[in-house]
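Encoded as structure tokens, the structure appears first; notes follow it.
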Amino acid sequence: MDKKQHGTKNGISRREFLKGSAGSLLMFVFFGLLSACQSQNQEQKPIETPENTEMTVMEPSTSSDPVLDDSIDLVSLNSINILVNKKHPLPEDYVPEGMIAPDVLCMKDGILLQKEAAEAIKEMFVAAEEEEIYLAIGSAYRSYAYQKTLYENYVKRDGEEAANRYSAKPGQSEHQTGLAADLAASNGNCYLKDCFKDTEEGKWLKKNAWKFGFILRYPEGKEEVTGYIFEPWHYRYIGQDEAKKVYESGLTLEEYYEILD
Ligand SMILES: [Zn+2]
């Protein structure tokens, strides 16, 4: 089955899609590069669309008491629960072992995830398709060197202070774990934009991703906790059991595990 067909099946017509000022670029990205993930070891090049810089309004937290589980390993490099943020970076030379190309629709070649996360994301995409929600992966594993280039480009473009709100410094990106993915609608609607939250795909993910072990890692109104603006596209795999608990708590990973320093 040709997964490219999905891009024109839902709400937005191709003509409407091309109307925007960035239409030609998006057309190139989404109709030119959509492919099933294939390449296993291809180093990614920093060509992706910069993540948006829209500011979000801070909202009061809707937290409940977390139920802590000492068996969860938040620090080991091989743990699917590893906590990575601005205060808990990864070593420069860390590359997760055994990553594979997820067998789902991708927006570029060379997309890799840890095997467990790749298999879970496939299950999630299949379940979404059963509800006529068609998803794609825009970005997954990023090497330290690749993140360094991305970050430096963002600093050049927006200045360091602004870049730090939406881009991770090298070593501080969850993408280096091979457990995080930037997700998109297969038609590219609102990719890496705040408005992704209002798309059918964004809404489906917010409601259902936890069932497959993924959590929305940078929720709205939690910038002071996570260090990053709301990213409705960024999902992190932590396994089904933990994802269920974190989702039901309404907390961020940092709050749930009470690691705020
Ligand atoms: Zn991301």
Side-chain angles (χ1 to χ4, degrees), residues 29 37 44-56 80 82-86 88-90 94-96 99 101-102 104-108 110-114 117-118 120-121 124-125 135-155 157-158 162-185 188-197 199 201-202 205-206 209-210 212-220 222-223 225-238 243 246 252-254:
V29 171
C37 289
Q44 299 162 348
K45 295 187 178 67
I47 55 168
E48 65 196 48
T49 310
E51 297 187 1
N52 80 314
T53 57
E54 286 178 37
M55 303 304 162
T56 51
I80 60 164
I82 186 169
L83 182 72
V84 175
N85 58 27
K86 290 178 178 177
H88 300 272
L90 290 165
Y94 174 63
V95 178
M99 287 189 291
V104 298
L105 194 63
C106 293
M107 287 160 50
K108 61 186 178 185
I111 285 187
L112 297 172
L113 283 170
Q114 288 199 35
I121 220 165
M124 180 162 77
F125 279 30
L135 302 166
I137 302 182
S139 181
Y141 167 70
R142 294 180 198 149
S143 68
Y144 184 99
Y146 177 70
Q147 187 66 35
K148 186 167 185 288
T149 306
L150 265 186
Y151 176 75
E152 287 170 355
N153 286 342
Y154 293 146
V155 169
R157 189 187 69 182
D158 295 330
N164 285 343
R165 296 187 65 195
Y166 65 87
S167 177
K169 291 178 182 174
Q172 299 177 359
S173 171
E174 273 201 328
H175 286 279
Q176 196 185 336
T177 65
L179 295 166
D182 294 336
L183 301 178
N189 192 17
C190 287
Y191 178 52
L192 300 183
K193 290 185 179 162
D194 198 61
C195 60
F196 184 64
K197 73 178 179 191
T199 63
E201 295 81 5
L205 284 166
K206 188 177 179 190
W210 64 273
F212 305 90
F214 290 88
I215 57 161
L216 178 66
R217 183 66 178 86
Y218 307 120
E220 199 159 14
K222 296 284 185 161
E223 180 174 352
V225 177
T226 65
Y228 296 102
I229 57 169
F230 177 40
E231 293 193 357
W233 57 85
H234 181 107
Y235 280 82
R236 161 69 196 274
Y237 183 75
I238 56 172
V246 172
T252 62
L253 267 194
E254 283 85 358

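As the structure lists them, so they are numbered: ligands from 1, and atoms in each ligand from 1.
Side chain of T199 to main chain of C195: no donor-acceptor pair is present (N/O by atom type, distance under 3.5 Å, no hydrogens or angles).
Between E254 and R217 there is a salt bridge, since a side-chain N of the basic residue sits under 4.0 Å from a carboxylate O of the acidic one.
Distance check for E174 against the Zn ion (ligand 1): none of its N/O/S atoms falls below 2.8 Å.
The side-chain tip of K86 points at the ring of Y228 from less than 6.0 angstrom away and within 45° of straight on.
L90 CG to Q172 CD: the interatomic distance, rounded to the nearest 0.5 Å, is 9.5 Å.
The atom of D182 nearest to the Zn ion (ligand 1) is OD1, with the search restricted to N, O or S atoms. Residue-level check: among N/O/S atoms of H234, ND1 sits closest to the Zn ion (ligand 1).
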